[in-house]
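As C-alpha cells, the structure follows; a few thoughts come after it.
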Amino acid sequence: MVSQASVTARAKASAPEYQGALGSLSVNSSLPEVLARGVEELRAAERAGDRREVARCGLAVAEANRRLGRIEEADRAWKASYRAARSAGHEGAMAWALWSGGTLARQRGSFALAYRLLRLAAEMGERGDDVVVRGYSLAGLAETGRIQGDYEAVGRLHEQLLAEARRRGEARHTVWALEGIAQMHRNTGAYDKALTLFEEAAETALRAEDRRGWAWALRGIADVLSVRDGEVERALSLLTQAEEACREMRLSSALAYNHKMRGNVLYRAGRYAEARDLYARALEEFRDIEEPRGTALSRLGLVKARARLGRDAARSAAELAEVRVMLDRIGLRHAREMVEKAAAELGVGPLPDPAGGGEPVLPAGGAEALRTADVEGLR
C-alpha cells in the first residue's frame with residue numbers, strides 16, 4: 001500500500017457541487033466550513049436578488065447538510081435550490097439540485113425516488129449542456145443499482161463512466177468508478193481483482209489530493225485483506241487512517257461505515273466482544289443520520305456478534321427475521337441470501353417468514369433506467 005506522504009500530487013480533484021461564490025472550496029474542505037460559507041453566501045445572494053447564485057449556494061448547503069447527516073435540512077435546501085434555479089430559468093442548476101435530491105433519497109433508502117430524481121437530473125443536464133452534472137447523475141444511477149445488487153444492470157455503466165472520467169482527467173470520478181467496480185468484484189468473490197482496483201483508487205485519490213475518495217478506498221482494501229488473507233492488524237491500521245480523514249472532514253456516513261467495517265474485521269477474527277461494541281456504535285451513528293441501509297447492516301452484525309457471545313438461538317432467529325424485513329423493505333436484492341447465510345452460520349435457522357415476504361425487487365423503472373442509461377452525450 002502506498003503511503004499518503006509518498007505520493008506526489010498531480011491534478012487535484014475538483015468539487016463541482018461547490019459553485020459560484022463557493023467555487024474556491026476544496027473537495028477536502030470540512031463540512032462545517034462548507035455549511036457556514038454556504039449559508040453566508042446564500043444570504044448575500046438572496047439580498048442581491050441573484051436567483052442563480054441562490055441556487056448555487058443552496059446546492060452547497062444541501063450537500064453539506066446531507067453529508068453531515070442533517071437530513072431534513074438537506075431536503076429543504078435542495079428543494080429551495082431547485083426552485084431558485086427554476087425561477088432563474090437555468091437548467092444546469094436545476095439538474096444539480098435534482099442530483100442532490102436523488103443522492104439524498106438514496107442515502108435515506110428511498111430508491112424509487114432516487115432513480116426518478118437522478119434520471120431527471122441526467123436528462124436536464126443534457127438539455128442544459130452541463131456535461132458534469134449529467135455524468136454525476138448517471139453515476140448516481142449506477143451507484144443506486146450497485147447498492148441494490150443489480151450488477152448486471154450497472155456493470156457496463158460503471159465501466160463506461162470510468163473510461164469517460166479517465167479521458168477527461170476527472171480524478172474524483174475515476175476514483176468513484178474504480179471503487180464501485182472493485183466493490184462488485186469483492187461481493188462476487190473476485191478478491192484479487194477487487195484489491196488491485198481498490199489500491200489503484202487509493203493511489204489515484206492521493207495523487208489528486210482527494211482525501212474522501214482515499215478514505216473509502218482504504219476501507220475497501222481493509223475489507224479484502226481481512227476476508228481474503230485474515231490480515232487483521234493491517235486492516236485495522238488502514239481503517240484507522242481512513243477514520244482520521246473522515247473525522248477531519250466530518251464525513252458522518254463514511255465514519256459510520258468505517259466503524260461497521262471495523263466490526264466486520266473483528267468479527268472475522270473471532271473477537272466478538274469488540275465487534276459487538278463496534279456494531280453497536282455504528283448502529284447508533286446510522287440511526288442518528290437516518291440512514292436505513294447502514295442501520296440494517298449494523299444490526300445484522302450486532303445480532304451475529306451477540307449470538308457468538310451466547311445469546312439465545314430463538315431470540316437471534318427472531319432478530320435476524322426482523323433484519324431481513326428491514327433489508328427487504330429497503331430493496332436490497334441480496335438481503336435474503338445475506339440473512340439466510342448468517343442464520344446458517346449461527347445454526348439458528350430456518351427463520352420465520354413473515355406474511356408478504358418474498359424476493360425483493362428493484363423499484364418500478366429502476367432496472368430499466370439503469371440498463372438504458374449510457375454516456376451518450378458526455379463526449
Between [X] and [Y] (salt bridge meaning N to carboxylate O under 4.0 Å), is one present in this structure?
{"X": "E46", "Y": "R43", "answer": "yes"}
{"X": "E17", "Y": "R66", "answer": "no"}
{"X": "E40", "Y": "R37", "answer": "no"}
{"X": "E159", "Y": "R156", "answer": "no"}
{"X": "R247", "Y": "E244", "answer": "no"}

Is there side-chain contact between [X] and [Y], with heavy atoms separated by less than 4.5 Å?
{"X": "V34", "Y": "E63", "value": "no"}
{"X": "R228", "Y": "D192", "value": "yes"}
{"X": "R250", "Y": "R67", "value": "no"}
{"X": "E73", "Y": "L68", "value": "no"}
{"X": "Y82", "Y": "S100", "value": "no"}
{"X": "E170", "Y": "W176", "value": "no"}

For the pair L138 and L141, evaluate side chain to side chain contact (heavy atoms under 4.5 Å, CB included) and give the outcome as yes or no after the intermediate values.
CA-CA 5 Å; L138 290 174; L141 284 168; 4.2 Å; yes
Under a 3.5 Å cutoff, is there a donor and acceptor pairing between the side chains of Q183 and R146?
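No, no side-chain donor-acceptor contact under 3.5 Å.
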Checking S253 against Q107: is there a side-chain donor and acceptor pair closer than 3.5 Å?
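No pair is found: no donor N or O on one side chain lies under 3.5 Å from an acceptor on the other.
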Which residues satisfy the ring-ring contact (aromatic ring centres under 6.0 Å, His included) test with Y272, sequence neighbours excluded?
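Checked Y272 against ring-ring contact (aromatic ring centres under 6.0 Å, His included); matches are Y267.
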Test side-chain hydrogen bond (donor to acceptor under 3.5 Å, both in side chains) on T240 and R262 and set out the steps.
CA-CA 9 Å; T240 296; R262 188 178 289 271; 2.9 Å; yes
Take the angle between the ring planes of F286 and Y257 and call it parallel below 30°, perpendicular above 60°, tilted in between.
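It falls in the perpendicular class, over 60°.
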Spell out, yes or no, whether L251 and L239 are grouped together once hydrophobic residues are joined by side-chain heavy atoms under 4.5 Å, including indirect joins.
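In one cluster with L251: L239, no.
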Whether [X] side chain and [Y] backbone form a donor-acceptor pair below 3.5 Å:
{"X": "R106", "Y": "G140", "answer": "yes"}
{"X": "E91", "Y": "M124", "answer": "no"}
{"X": "N65", "Y": "L35", "answer": "no"}
{"X": "T188", "Y": "H185", "answer": "yes"}

